[in-house]
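Take a look at the structure below.
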Amino acid sequence: MAKIIILTGAGISAESGLGTFRDEDGLWTRYDLNEVATPEGFARNPALVHEFYNARRANCRGAAPNAAHHALAALERARPGALRIITQNVDDLHERAGSQAVWHMHGTLAGALCAACGHRWEAPEVMQPADPCPACAAPATRPDIVWFGEYPYYMDVIWDALRAADLFVAIGTSGTVFPAAAFVQDAARAGVATLELNLEPSEASGDFDTVRYGPATELVPAWVAEVLATQAD
Ligand code: APR
C-alpha cells in the first residue's frame, strides 16, 4: 500500500478563519515573534505570551475544520495505515475532522507544560503566569508549543517516515521554517515523489516534482479524489 506523508502548515487552516503567519495580515505582521514565540520572550513577559496563546486558543475553539481537513480524514479512513500527517499547526482541526495519525511537531494549543519540571497536562482555556504546575506547584506554566530556538517534537520518527514514503505532500506552508522546510529535499533525496498544494508558490516550490496552486479547500479534496480513484496499491 502506497505510504503518503503529508506536511501541513497554517494555510490549511486559513479557510477555517485561523490566521496564517506570513501572509498579508498574518500573525507575525501583528505580533513580534521574538516577544511571544521564544523562550526569551516568555522569560521576559510571561503574561504577554499567555495572552497571545489564550487568544489563539479561543480563536481555535471558535473555528471548524474545513473541506481540506475533512478530505485528509476521509483519505485516512479509506487507506488505513497508509497516511501520516505531520503538522506544523498547533490547532486541533485535523483531529476534529477525524484524522488520527497526526504528529504535531510544533506542539498544540491544547497542551500545557511546566517550564520548571517538564510535566505536561491538558491546558485550561485561559492560562495565567501564576498558575501552579499540577505536579510541582511551581508558577512556571507555559503553553506546550515549540518556540523558535527549540527543537521540534517527533523528529526521531519523522526522518525515517519521510524516507520510507512513496509520496510526500506539503499543504499550506511557506517553506520558510526549518526543519520542516527541508522535508521535501530529504524525501526527494530518498527517491520519494513530492507534491506541493499551496495558495501560491512557496520558498520551497522549486524542490517539488509537482506543484498545484489554489485554495486548500479546492486543491485537497480534488487531490484526495484522484488518489481514491486509483486502485488501492
Ligand atoms: N490554501 C492553501 N494555502 C494557503 C491558503 C489557503 N487558503 N492561505 C494561505 N496559504 C499559504 C500561503 O501562501 C503560505 O505559503 O499558506 C502558507 C502559510 O505560510 P506561513 O504563514 O509561513 O505558515 P507556516 O508555513 O505554517 O509557518 C511555519 O512558522 O511561525 C512558525 O511555528 C510557526 O508553524 C509555523 C511555522
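Worth knowing before you read on, the calculation uses all heavy atoms, side chains too, and leaves out hydrogens, waters and symmetry mates. Bear in mind the structure is a predicted one, so any value in this text is a computation, not a measurement. Every number for a ligand or one of its atoms is a count from 1 in the order of the listing. In what follows, residues are counted from 1 in the order of the sequence shown.
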Residue [X] vicinity, atoms of ligand 1 by number, heavy atom under 4.0 Å:
X	answer
Glu200	13 (O)
Ala14	8 (N)
Trp28	30 (O)

If you have a sec, work out which protein heavy atom is nearest [atom] and how many Å separate them, to one decimal?
atom	result
atom 12 (C) of ligand 1	Asp23 OD1, 3.6 Å
atom 28 (C) of ligand 1	Gln88 OE1, 3.4 Å
atom 26 (O) of ligand 1	Ala10 N, 2.8 Å
atom 35 (C) of ligand 1	Phe21 CE1, 3.6 Å

For Leu199, what are the other residues in its hydrophobic cluster, where any two members join if their side-chain heavy atoms are less than 4.5 angstrom apart?
-> none
Assess, by modelled atom type and distance only, whether the side chains of [X] and [Y] contain a donor and an acceptor separated by less than 3.5 Å.
X	Y	answer
Asn54	Arg57	yes
Glu196	Ser205	yes
Gln88	Thr173	yes
Glu15	Thr217	yes
Thr87	Thr8	yes

Test side-chain contact (heavy atoms from CB on, under 4.5 Å) on Leu18 and Asn59 and set out the steps.
-> CA-CA 7 Å; Leu18 298 186; Asn59 198 15; 3.8 Å; yes
[Y] and [X] aromatic ring geometry - parallel, tilted or perpendicular at 30°/60° bounds:
X	Y	result
Phe168	Phe183	perpendicular
His94	His69	perpendicular
Tyr154	Trp103	parallel

Under-4.0 Å heavy-atom contact with ligand 1, by part of [X] that carries it:
X	result
Ala216	both
Arg22	both
Glu15	side chain

Whether Ser202 lies under 4.0 Å from ligand 1, heavy atom |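 Under 4.0 Å: no for Ser202.
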Could you check which of [options] puts a non-hydrogen atom nearest to [atom]?
atom	options	result
atom 15 (O) of ligand 1	Leu199, Asn198, Thr29, Thr8	Asn198
atom 25 (O) of ligand 1	Ile145, Thr173, Ile12, Thr217	Thr173
atom 34 (O) of ligand 1	Met105, His104, His106	His106
atom 6 (C) of ligand 1	Gly175, Gly9, Ala68, Gly11	Gly11
atom 18 (C) of ligand 1	Ala204, Pro152, Gly172	Gly172

Pair Asp186 + Arg163: basic N to acidic O under 4.0 Å |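 Salt bridge between Asp186 and Arg163, a charged N being under 4.0 Å from a carboxylate O: yes.
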Going by distance only, is there an N or O of Pro215 that falls short of 3.5 Å from an N or O of ligand 1?
->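 No; every N/O pair is 3.5 Å or more apart.
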